[in-house]
Amino acid sequence: MKVVFMGTPEFSVPVLESLVKHHEVIAVYTQPARPAGRGNKLIPSPVQQKAESFGIPVFTPISLRKGTASDEFAALNADIAVVCAYGLILPKKVLEAPKKGCINIHASLLPRWRGAAPIQRAIEAGDKETGITIMQMDEGLDTGDMLLKGIVEITPETTASTLHDALSQKGAELIIQALEENPTPQKQPEEGVTYAEKIQKSEAYIDWFMDAEKIKNKIMAFNPYPAAHFIYRGERIKVFNAVVEKTTSKAPVGEVLDSNLLIACRGGTALRLTELQREGKKKMSAEDFLKGFELKKGKNIAV
RNA sequence: CGCGGGGUAGAGCAGUCCGGUAGCUUGCCAGGCUCAUAACCUGGAGGUCGUGAGGUUCAAAUCCCACCCCCGCAA
């Protein structure tokens, strides 16, 4: 089958690889290279880099609505387009161009977590499971008919980082299955619709006046990006991993309860920080962190 | 030329401004002490101070030059 692939970040790369293995990928669409990172150098998207290594023609239009972009797309005469975290809205003209239309790989169990940040929002909300939905695209935001679903478990150890990789892998498997089996499209239920708002950097600041469980979920959801953090002695400390623990302490919120980073949170709940990072330093275990950073029992990090 | 921090013992850091015997915490090894603790005490091993048969100097982790690598911010 002649497939056009549309995707941009690391998440979509395994999907592209999987498609290349099983089908004829005739073109790849991705976001144009933008200045990024230190030095603001122009960095091609991960998908573009991978596509070029395969020698597949890459298209990087700024928009599909304007100019001749949609005509170019139609001229490819594809059987189907597979879209995964592309980052551009597909106009009707594009959606209808391939013989079998456009199908999307979405990182949630629709209709829950439609939108931009389904992986992070599922963890943040404390969901016990999430997954991948393969769907036929229509003009709405993740509203198309569903073709296939795959469930992935969320455990207390799951971070956005590990879940990202697991879902990416799952997506790469399911898309092949969907293309082979050609399942019957099913309408999305009207019940249970939620939206996964884009992550704002300002959300990453840790408010210790919340339940430990909620803070923990945020920490896991924001690992690795944008990384939940607090400010202590004027320095930003990022927290990448934490464990909720029981405590009988009535210490004020933000107080360090022992010599190993157990922090008092709201209503007598407590959170042990287990992986952190100082400015300019690498991510490290709490053990290593404490060897060079004094944060003793009795201090308060919420002030 | 976007802004900035860093590379020193296995690990995490101080020392660099103001050049003069390589330090701290932890880990490791040996021994001691204790009803007991991540307890405490004593001794010990472990370092080309990122690289350069670079520059300056009587003397460089420290000052100068070049390069490599890691990271934070912004985007």
If you check the S259(A) side chain, which of rA38(B), rG6(B), rA74(B) turns out closest?
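Ranking rA38(B), rG6(B), rA74(B) by closest atom to the S259(A) side chain puts rA38(B) first.
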
Would you kindly give the CG-to-P distance between L290(A) and rC24(B), to the nearest whole Å?
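For the pair L290(A) CG and rC24(B) P, the rounded distance is 20 Å.
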
May I ask you to say what R38(A) touches in the nucleic acid, namely base, sugar-phosphate or nothing, with a heavy-atom cut-off under 4.0 Å?
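Contact class for R38(A): base.
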
Quickly work out the K282(A) NZ to rC13(B) C1' distance and round it to whole Å.
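Atom-to-atom, K282(A) to rC13(B), this comes out as 15 Å.
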
Determine the contact category for N40(A): base if any of its heavy atoms lies under 4.0 Å from a base atom, sugar-phosphate if only primed atoms, P, OP1 or OP2 are that close, otherwise nothing.
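Base contact - N40(A) has a heavy atom under 4.0 Å of at least one base atom.
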
Respond yes when some side-chain nitrogen or oxygen of K41(A) is under 4.0 Å from OP1 or OP2 of rG2(B), and no when none is.
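The answer is no; no side-chain N or O of K41(A) sits under 4.0 Å from OP1 or OP2.
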
To the nearest angstrom, how far is R236(A) atom CZ from rG6(B) atom C1'?
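Checked: the CZ to C1' distance equals 17 Å.
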
Checking contacts here: which listed nucleotide (rA11(B), rC71(B), rA75(B)) is nearest the side-chain heavy atoms of K291(A)?
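Of all the options, the side chain of K291(A) is nearest to rA11(B).
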
Rounded C1' spacing from rC65(B) to rA22(B) in Å:
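Each nucleotide's C1' atom is 26 Å from the other's.
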
Counting side-chain heavy atoms from C-beta on, which of rG12(B), rG72(B), rA74(B) comes nearest to K238(A)?
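Given the options rG12(B), rG72(B), rA74(B), the side chain of K238(A) is closest to rG72(B).
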
Choose from rG12(B), rC73(B), rA75(B) the nucleotide whose nearest atom is closest to any side-chain atom of M284(A).
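My answer, after comparing the listed nucleotides, is rG12(B).
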
Could you let me know what rC40(B) is paired to, Watson-Crick or G-U wobble, both distances under 3.5 Å, or none if it's on its own?
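Per the H-bond distance test, rG32(B).
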
Spacing between I231(A) atom CD1 and rC73(B) atom P, to the nearest angstrom:
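Rounded to the whole Å, the gap is 11 Å.
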
Would you please indicate yes or no on a ring centroid separation below 6.0 angstrom for Y195(A) and W113(A)?
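W113(A) vs Y195(A): aromatic centres not under 6.0 Å.
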
Under 4.0 Å between any heavy atoms, over every strand shown, what does Q277(A) touch: base, sugar-phosphate, or nothing? Just pick one.
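Sugar-phosphate contact only.
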
Can you tell me the distance, in whole Å, between the CG atom of N260(A) and the C1' atom of rA38(B)?
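In whole Å, rA38(B) C1' and N260(A) CG are 9 Å from each other.
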
Centre-to-centre under 6.0 Å for F73(A) and Y29(A), is that the case here?
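When the ring centroids of F73(A) and Y29(A) are compared, they turn out to be within the sub-6.0 Å range.
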
What is the base-pairing partner of rA14(B), counting Watson-Crick and G-U wobble geometry with both distances under 3.5 Å?
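Across any shown strand, rA14(B) pairs with none.
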
Connecting only ILVMFWY residues whose side-chain heavy atoms lie within less than 4.5 Å of each other, what is the rest of L262(A)'s hydrophobic cluster?
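Result for L262(A) is L257(A).
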
Rounded to the nearest 0.5 Å, what separation is found between the NZ atom of K291(A) and the OG atom of S285(A)?
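Between atom NZ of K291(A) and atom OG of S285(A) there are 7.0 Å.
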
